[in-house]
Amino acid sequence: MPAGTGTAARQPAMTRGLTLLFALASGAAVGNLYWAQPLLETIAREFHTTTASAGWLVTATQIGYAVGILLIVPLGDVVDRRRLTAAMMLVSAAVLVACALAPSFPFLLVALCLLGVTTIAGQILTPLAGDLAEDAHRGRVVGTVVAGILTGILASRAVSGLVAGIGGWRLVYGAAAVAMVLLAGLVWRALPPLAPKARVAYPKLIASVGAVVVRERAVRWTLILSTTGFAVFTLFWTSLTFLLAGPPFHYPVSVIGLFGLVGIAGAVTAQRAGRLHDRGWSLPATGIAWVLVLASFAIAALSGSAVWMLVLVVFLLDIAIQGQNVLNQTRLLSLSHEGRSRLNTAYITSNFIGGAAGSGAAALLWSAGGWTAVSLAGAALSLMALAAWALGRRGPLVTG
């Protein structure tokens, strides 16, 4: 990858306070992707469409996110990341306002796709955290920021359900727009100007994302695991909304959103996964995480109408998926300094392609066989990932 051409005049230290700000801003940005998830039934009723059709709102947002990651995040290697991060947060705030004012279902679908394209600040800040952290603490710092992202994904469901229960689903997007503006200001104040790490023409910059995947075997194998993990993650959470909104539960959005709080407990636990990387235990811990994913879907298949079993599944699945996500991302970011934004681009783009596939499959599987079909599909994907991990852990997955 191209060598860096300079450093900022004042390189900020990755203090605990800055790490927490990165985690908060990143979590809020990625949380924008998931406000709709517990609201699907409510939105479907307002726009007189089916719940299965409403499920495509999540898919459209994730497709947009993958496009934004691919086309915008690589710029983090060649422009001032302070300016880029603040600008994208402000643009996403404007799109959130459009979502809040959506007059029709097609308008909301397009607006959410654009929201996905623009709400990519977290994926600029994550490799920046890797750049600013000391080598001995990179796993802990990146793990904290990634845990913030994952907590944002889960907290967004709980907050969305509660806010919608008070003031309707449109208030959710309006409040999120205000939060983006405030956080953009905090990030701007906390960071000095950051000089580009490289000088690369934009076409070459985008092409280099694919080049690193082709060149680095460890990247390709890690992407197999991470993409499958995110597909499983969105498959489960989109289907859980359908399950809890229908018989025998018939839960309102405020209660459905509260299930996200169980996942937050898993995210807090998974935050320590970065420390496992620092100790050299990344690959063994990844295998254990996939065993937990498989166990989670086995329990899900047997859960029936037992709420306590569903709560257990949420807890175990989120520990497993979020833990292996931290481990996978930290391993990739250790491969290069100059190209961390591009490595992160390849990682997140593939993840959200998997996420879009998972949420789209959820609607199809739910129509075909309900919760049982979803659970069996999740177990099958877990077995495939475990096979890939077993084949790669002594060679292709090793990053050095």
Side-chain angles (χ1 to χ4, degrees), residues 31 34-42 51 55 58 147 150-165 229-273 285 288-325 358-359 361-363 365-383 385-386:
Y34 295 96
W35 298 125
Q37 205 158 56
L39 308 176
L40 297 178
E41 187 81 17
T42 301
T51 302
V58 179
L150 298 170
T151 301
I153 293 173
L154 296 166
S156 65
R157 297 184 179 93
V159 172
S160 179
L162 291 172
V163 173
F230 217 73
V232 164
F233 185 77
T234 59
L235 170 69
F236 173 81
W237 277 102
T238 303
S239 302
L240 184 66
T241 301
F242 299 152
L243 176 68
L244 297 176
F249 301 104
H250 298 292
Y251 288 154
V253 292
S254 56
V255 175
I256 294 173
L258 290 176
F259 276 74
L261 296 178
V262 181
I264 291 174
V268 172
T269 305
Q271 187 270 337
R272 296 189 174 272
I288 293 171
W290 276 109
V291 171
L292 278 178
V293 175
L294 179 60
S296 299
F297 278 103
I299 297 170
L302 301 173
S303 62
S305 60
V307 174
W308 72 268
M309 292 182 73
L310 290 175
V311 170
L312 177 62
V313 170
V314 170
F315 182 73
L316 292 177
L317 185 69
D318 278 88
I319 287 178
I321 293 295
Q322 295 174 14
Q324 63 101 3
N325 186 57
S359 58
L365 288 166
W366 187 260
S367 299
W371 189 246
T372 300
V374 170
S375 300
L376 291 175
L381 288 171
S382 303
L383 286 171
L386 268 173

Does Ala245 have any side-chain contact (heavy atoms from CB on, under 4.5 Å) partners at least two apart in sequence or in another chain, and if so, which?
Glu41, Ile256
Closest approach of Phe242 to Leu40 (non-hydrogen atoms, all atoms of both residues)
CE2-CD1, 3.9 Å
Just list the side-chain donor-acceptor pairs under 3.5 Å for residues 299-310, sequence neighbours left out, or say none.
from, atom 1, to, atom 2, distance (Å)
Ser303, OG, Ala300, O, 2.8
Ser303, OG, Trp371, NE1, 3.4

Non-neighbouring partners of Gln37 that pass side-chain hydrogen bond (donor to acceptor under 3.5 Å, both in side chains), sequence neighbours left out
Arg157, Thr238
Gap separating the CD1 atom of Ile319 from the CD atom of Gln324, nearest 0.5 angstrom
13.5 Å
When rounded to the nearest 0.5 Å, the distance separating OG1 of Thr234 from CD1 of Ile321 is 9.5 Å
Full working for side-chain contact (heavy atoms from CB on, under 4.5 Å) between Leu240 and Leu243
CA-CA 5 Å; Leu240 184 66; Leu243 176 68; 4.2 Å; yes
Euclidean distance, Leu292 CG relative to Ile288 CD1, rounded to 0.5 Å
8.0 Å
Ignoring hydrogens, what is the shortest heavy-atom contact between Ser382 and Gly378? Give both atom names and the distance.
OG-O, 2.8 Å
Which atoms form the tightest heavy-atom contact between Val58 and Ser359, and what is the distance?
CG1-CB, 4.2 Å
Please state whether the rings of Phe297 and Phe236 are parallel, tilted or perpendicular, taking 30° and 60° as the class boundaries.
perpendicular
Going through the distances and angles, do Leu381 and Val293 end up as a side-chain contact (heavy atoms from CB on, under 4.5 Å)?
CA-CA 10 Å; Leu381 288 171; Val293 175; over 6 Å; no
Can you name the residues that form a ring pair (Phe, Tyr, Trp, His ring centres under 6.0 Å) with Phe230, not counting sequence neighbours?
Phe233, Phe352
Smallest separation among heavy atoms of Ala377 and Leu365, with atom names
CB-CD1, 3.6 Å
Taken in chain and number order and not counting sequence neighbours, the residues that satisfy ring pair (Phe, Tyr, Trp, His ring centres under 6.0 Å) with Phe259 are none
Trp35: partners by side-chain hydrogen bond (donor to acceptor under 3.5 Å, both in side chains), with sequence neighbours left out:
Asn32
Which atom names give the shortest non-hydrogen contact between Gly161 and Pro38, and what distance separates them?
N-CG, 4.3 Å
How many angstroms lie between atom CG of Leu294 and atom CG of Leu317, to the nearest 0.5 angstrom?
11.0 Å
Shortest non-hydrogen separation from Val374 to Ser239 and the atoms involved:
CG2-OG, 3.3 Å
